[in-house]
Amino acid sequence: MKIATWNVNSLKVRLPQVLEWLALERPDVLCLQETKVPDEAFPSDALAHAGYSALFAGQKTYNGVAVLATHAPTLVATGIPGFADEQKRLIAADCDGIRIVCAYFPNGQAVGSDKFAYKLAWIAALTGWLRSELAKHPEMLLLGDLNIAPEDRDVHDPKAWEGQVLCSEPERAAFRALTALGFADGFRLFEQPERAFTWWDYRMAAFRRNLGLRIDHVLVAPALVPRARACRIDPEPRRAERPSDHAPVILELG
DNA sequence: ATGGCTTGAGTGTCAAGA
């Protein structure tokens, strides 16, 4: 079973690339973030034609998440239950007996800003919800743009990024509190190349120079760790004309 | 040099991303 996540930075712009990638990789499940499309405009028909059922929670202009699956997924939740939030950042679904939590963590803008406080509150709410959910549904994956580079090796220039948003200690502590529920960082379950990133700034030829961060993640609940076979970043879509600034991450389960 | 690009809004030029 192949399960993937990709921040597409506008599903409207990226739909041709998503369809091409689905045809090439044929994942069983693909989680999308930053669809930036209201639900009434979601391209369900094009995806159905490609063989994928979709569940989605979107809004105009910003945010938006979706779960695509070859076998029709069952909706579990949109948004973090018990956490009032206008921003469409979470959708959870059951896919072939696996609970898929697709998340677009807040960016945080700058350490100490209101948006940074929102980011930490959002992650704390998610962690609280998942603590009880994991007990009830142990076969769980949390995938998405988590907007945190958990360690210095996930940053192209740790000195330059030290203390900055996406890399700051409060964010890394929140990431550790989340993984302390038992989740493994799927990417780190396997030997990986150095300087492996999932996001590169559009500016300064950052992708060509591999000036990136690893901020998109697949977290694997303890019950699923024995089934994990491989995890990789696919940089190919980032080479396309008009690419998303993020690359997909793929987990294979046995 | 707090810049550099991309998207969506909307037709000016800005907010937001990371």
Side-chain angles (χ1 to χ4, degrees), chain A residues 5-18 31-43 56-66 85-90 102-123 126 143-175 178 187 195-217 233 235 237-249:
Chain A
T5 179
W6 191 6
N7 178 325
V8 290
N9 184 19
S10 171
L11 184 55
K12 185 179 173 187
V13 173
R14 233 63 69 189
L15 182 61
Q17 294 179 41
V18 171
C31 297
L32 300 177
Q33 302 87 39
E34 283 204 271
T35 57
K36 299 185 178 180
V37 62
D39 290 348
E40 59 272 21
F42 193 90
F56 42 86
Q59 65 188 94
K60 198 168 70 166
T61 311
Y62 301 118
N63 310 310
V65 285
D85 189 4
E86 296 295 306
Q87 303 185 27
K88 305 300 187 186
R89 295 183 174 278
L90 184 132
C102 167
Y104 173 46
F105 284 26
N107 167 282
Q109 197 170 60
V111 175
S113 67
D114 288 351
K115 288 177 181 175
F116 190 79
Y118 164 69
K119 179 176 193 172
L120 295 182
W122 195 96
I123 299 169
L126 176 66
L143 308 90
D145 177 358
L146 275 49
N147 264 323
I148 300 171
E151 299 178 71
D152 278 355
R153 61 178 166 162
D154 302 312
V155 181
H156 70 91
D157 185 345
K159 271 280 194 323
W161 280 87
E162 186 177 7
Q164 300 299 308
V165 74
L166 313 182
C167 301
S168 76
E169 189 44 40
E171 290 161 274
R172 287 178 169 177
F175 186 92
L178 187 53
F187 189 72
R195 297 171 57 80
F197 309 124
T198 66
W199 171 84
W200 302 262
D201 200 301
Y202 282 123
R203 300 162 293 186
M204 302 181 292
F207 180 67
R208 182 178 60 70
R209 299 158 67 199
N210 196 28
L211 307 180
L213 305 176
R214 192 176 70 93
I215 56 177
D216 300 83
H217 302 288
I233 299 162
R238 189 64 176 79
R239 306 184 204 283
E241 292 275 331
R242 284 189 90 182
S244 168
D245 43 357
H246 295 253
V249 184

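Throughout, protein chains are lettered first and strands after them, A, B, ... in sequence-line order, and every chain is numbered starting at 1.
Put simply, A:Ser10 has a side-chain N or O that comes within less than 4.0 Å of OP1 or OP2 on B:dG8. A:His246 has a side-chain polar atom (N or O) that falls below the 4.0 Å cut-off from OP1 or OP2 of B:dA18. Under 4.0 angstrom from either OP1 or OP2 of B:dT7 there lies no side-chain N or O belonging to A:Asn9. Between A:Arg14 and B:dT7, a side-chain N or O to OP1/OP2 separation shorter than 4.0 Å is present. Between A:Arg203 and B:dA18, a side-chain N or O to OP1/OP2 separation shorter than 4.0 Å is absent.
The residue A:Val13 sits close only to the backbone: its heavy atoms come under 4.0 Å of sugar-phosphate atoms, none of a base. Contacts of A:Asp145 with the nucleic acid, taken as non-hydrogen atoms under 4.0 Å apart, involve only primed sugar atoms and P, OP1 or OP2. Within 4.0 Å (heavy atoms only), A:Gln164 reaches no atom of the nucleic acid at all. A:Tyr104 comes within 4.0 angstrom of sugar-phosphate atoms only, judged by non-hydrogen atoms across all strands, and of no base. Across all strands, A:Lys115 comes closer than 4.0 Å only to sugar-phosphate atoms, never to a base (heavy-atom distances). The residue A:Asn7 sits close only to the backbone: its heavy atoms come under 4.0 Å of sugar-phosphate atoms, none of a base.
In this structure, A:Trp200 atom CH2 and B:dC5 atom P are separated by 19 Å, rounded to whole Å. We find that CG of A:Asp245 is positioned 17 Å from P of B:dG4, with the value rounded to whole Å. In this structure, NZ of A:Lys36 is placed 11 Å from C1' of B:dA15, rounded to the nearest angstrom.
Of the options A:Leu166, A:Ile123, A:Ile215, a side-chain contact (heavy atoms from CB on, under 4.5 Å) to A:Ile148 is made by A:Ile123 and by none of the others. Each of A:Asp145, A:Asn147, A:Thr5 was evaluated against A:Gln33; a single residue qualifies, A:Thr5, per the side-chain hydrogen bond (donor to acceptor under 3.5 Å, both in side chains) test.
With distances taken from any side-chain atom of A:Lys60 to the nucleotides B:dA9, B:dA18, B:dG4, the minimum falls on B:dA9.
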